[in-house]
Number of protein chains: 2
Amino acid sequence: MTAAGNHQASRPVGRRLERAGIRDVAAAAGVSITTVSDALNGKGRLPDATRRHVREVADRLGYRPSAAARTLRTGRSGLIGLTVTTYGEEPFTFTEFAYFAEMARAATSAALARGYALVILPASSRHDVWGNVALDGTVVVDPSDHDPVVTELVRQGVPVVSDGRPAGSLPVHAWVDNDHEEAVLGILDHLAAAGARRIGLLTGTSTDTYTRLSTTAYLEWCERIGQEPVYEAYPAHDPCAGAVAADRLLARPDRPDAVYGLFDPNGTDLLAAARRYGLRVPDDLLLVCCSESTGYAATEPPITTLSLKPRRIGTAVVQLLIDAIEGVGPAHPVQQVMPTELIIRTSSQRRPHRTTVSAPRTPARGGG
Amino acid sequence: MTAAGNHQASRPVGRRLERAGIRDVAAAAGVSITTVSDALNGKGRLPDATRRHVREVADRLGYRPSAAARTLRTGRSGLIGLTVTTYGEEPFTFTEFAYFAEMARAATSAALARGYALVILPASSRHDVWGNVALDGTVVVDPSDHDPVVTELVRQGVPVVSDGRPAGSLPVHAWVDNDHEEAVLGILDHLAAAGARRIGLLTGTSTDTYTRLSTTAYLEWCERIGQEPVYEAYPAHDPCAGAVAADRLLARPDRPDAVYGLFDPNGTDLLAAARRYGLRVPDDLLLVCCSESTGYAATEPPITTLSLKPRRIGTAVVQLLIDAIEGVGPAHPVQQVMPTELIIRTSSQRRPHRTTVSAPRTPARGGG
DNA sequence: GGATCATGCAGAAACCTTCCTTCCGGCCGC
DNA sequence: GCGGCCGGAAGGAAGGTTTCTGCATGATCC
């Protein structure tokens, strides 16, 4: 049973005192309900005097239109769902933590600026919760292959825009994603330029597109360069497995002299593993990982990270979604590929102790 | 103009195909609307056969009750606002980032488990967005002195529970907070026990209760111990100011040999400042800061942190709020004080290279 | 001067559900 | 046999807004 349907509770505290309705305003202002509605919503043909008068009376009465009634009538709630695929009970995953937080922050901001609010709805939510909230559209982060919730939403005609290419044939209205191939190739080239002879990869076992595209790009690069691939894959949603995989990678007989880790915690895990094996970073081992965490600027040594620029993605996703909801913008599905940014720190430079930041590919202003 | 009120847009994409209403189900099942409603909601007096039949027909038709209509009728939306006081444009502040993310995660989870969803609504949101979403209640993080939004909500009879003691006379229904005094005293004792002779404080200029209580506790401790207070205060929402303040603190003639920083970035800032002045941590300078960031386990050296246990707080706040919404639990305001946890790492131990974790003050189960 | 038109406003339907009230038989006890 | 009770189901009133339609009124134009 959903919250709204639950009425067995006694003596509700939230009893709203009799709120003024549009009726009361109309009566107090000596006009009709229609006139009040028009005056307040800037519609209809009304002289400014009437408009002002109505507004004033409404203010005096502390009138607030009922969101429920408005939603019922207009079919618009001003609410956007924010979904992230979950593993286990937690609303969002550990590996994507910083990414998700940043992305959600930008999305909230962008939505708010256009008059919408975000509702956090993990894909694992009880079905009745999904059904019980009126959504104008949904942002879905990293949709899994045939997500039942997303499928259902699309079937109902609710616009869905995804962060990350939808796997399979998930019929989203639009998606935004990074250029993962280019990002990986850029990193591998960067490491090779820093003197790496054998570059390893720490990757995931799941089939999401991020993992898949990145891994493929790595394998192709190896193929092209003529390097034997050296990688370990682990279930990315399990934090412990990451540490183990990092260790395994550095314990191999064909130990790499540079590693790229696809997930946020890989940096610290690899660093810890390197210490255990007495490997100096960056002298014996070059390190890069994909992360939004600012903490990697303060590790010893600071670790080079790939930023997916979640702020930009979050903003873009929301804009696309609201465009779809409001019917502006292209009617056809949009696919937007956004650049990443490599933040070069000590861990990936053979000449250590010189910390620089690469020039962003777009003007840095507000980029976060 | 709010989103729901905005109708000048053309050719809406989100056109829902004619969804089946309760009327259609009733017709298809050959019963009345009432019967359908009762059957689906488990109310009324109906034989199981009828119930099953109705349910089946509803399923076949893909019937989903309209959330808006239900909300209008019942006065319950199943939506809980999640507010955080903001500085500037961003929905949540930099200093509280990890804390907020963790807290929001737990809150989302707890709300979901009871059939509610969370709506992210920064205090700085445009007023019309606030007005346009039907909230059953609101969680407010670190309410500022006389927050107009909170005041308005309370006036409307919407239950409000705050994370952090409400400043001034904000009439929230309940609050949850850490025992900040005890936490600070514990840290100061810990530092003193590690050999600190003069403990400094990095604090904020704002008047929120966290800053105020912590600073007061520090000053009282100094008074009691007979140490001259050594502290720098800065506007906590400005990340650069933090670095500057950290530097200033270590540049003082009466340089402290131990520092506690009240805010998340203080750890790295202090570490950087210490390096600039050639101070070894923990040999020349003991360091503790308040943070939820796991990154401090991987700095060089790892930094002792005070965790406010945001997961616990987020869960507690939501439980309290939903209790208030549903009218269960005590009618009187509840004040819940929760313990913190000091995670002791190298930076605060005179005998370095031994990393341990303090036993939590409450059984660790599920604590996060 | 009458037809046309813009303007200002009101009435009422529609949105979809919940739930209070009522109704109708059948059955039991006296 | 009849009154009362009970199970089963339906009727219909909210709930508060938006918006379509339509009615006056007064101005404008030929």
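Chain letters run A, B, ... following the sequence lines, proteins first and then strands; every chain starts at 1.
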Practice task
Classify the side chain of A:Ser66 and the base of D:dG15 as holding, or not holding, a donor-acceptor pair under 3.5 Å.
Solution key: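 Counting by modelled atom types and ignoring angles, no donor-acceptor contact under 3.5 Å is found here.
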Handout entry: Per B:Ser32 side chain, nearest of listed nucleotides D:dG11, C:dC19, D:dT17
Key =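 Ranking D:dG11, C:dC19, D:dT17 by closest atom to the B:Ser32 side chain puts D:dG11 first.
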Exercise for the section: State, yes or no, whether a side-chain contact exists between B:Tyr63 and B:Leu40 at a heavy-atom distance under 4.5 Å. Expected result: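 Yes, at least one pair of side-chain atoms sits under 4.5 Å.
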For [X] and [N], what is the distance between atoms [atom1] and [atom2] respectively, to the nearest whole Å?
{"X": "A:Arg76", "N": "D:dG16", "atom1": "CZ", "atom2": "C1'", "value": "19 Å"}
{"X": "B:Lys43", "N": "D:dG7", "atom1": "NZ", "atom2": "C1'", "value": "19 Å"}
{"X": "A:Arg64", "N": "D:dG15", "atom1": "CZ", "atom2": "C1'", "value": "20 Å"}
{"X": "B:Leu40", "N": "D:dA9", "atom1": "CG", "atom2": "C1'", "value": "16 Å"}

Handout entry: Trace of the salt bridge (charged side-chain N to carboxylate O under 4.0 Å, His left out) decision for A:Lys43 with A:Asp38
Key = CA-CA 5 Å; A:Lys43 307 201 169 169; A:Asp38 284 349; over 6 Å; no
Exercise for the section: Taking all heavy atoms of B:Thr71 and all of B:Ala134, pick out the closest pair and write down the distance. Expected result: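 Heavy-atom minimum between the residues: CG2-CB, 4.3 Å.
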Handout entry: Distance-minimising heavy-atom pair for B:Thr83 and B:Ala123
Key =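 Nearest heavy atoms, B:Thr83 then B:Ala123: CG2-N, 3.6 Å.
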Exercise for the section: Between B:Thr35 and A:Tyr63, just flag the one whose closest nucleotide in DNA chain D comes earlier from the 5' side. Expected result: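 Taking each residue's closest nucleotide, the earlier one in sequence belongs to B:Thr35.
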Handout entry: Under-4.0 Å side-chain N/O to phosphate OP1/OP2 contact, B:Thr34 with D:dA10
Key =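 The answer is no; no side-chain N or O of B:Thr34 sits under 4.0 Å from OP1 or OP2.
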Practice task
Remember a base hit wins even if backbone is also touched, and classify B:Leu72 as base, sugar-phosphate or nothing at under 4.0 Å, heavy atoms.
Solution key: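 If one applies the 4.0 Å heavy-atom cut-off, B:Leu72 turns out to touch a base.
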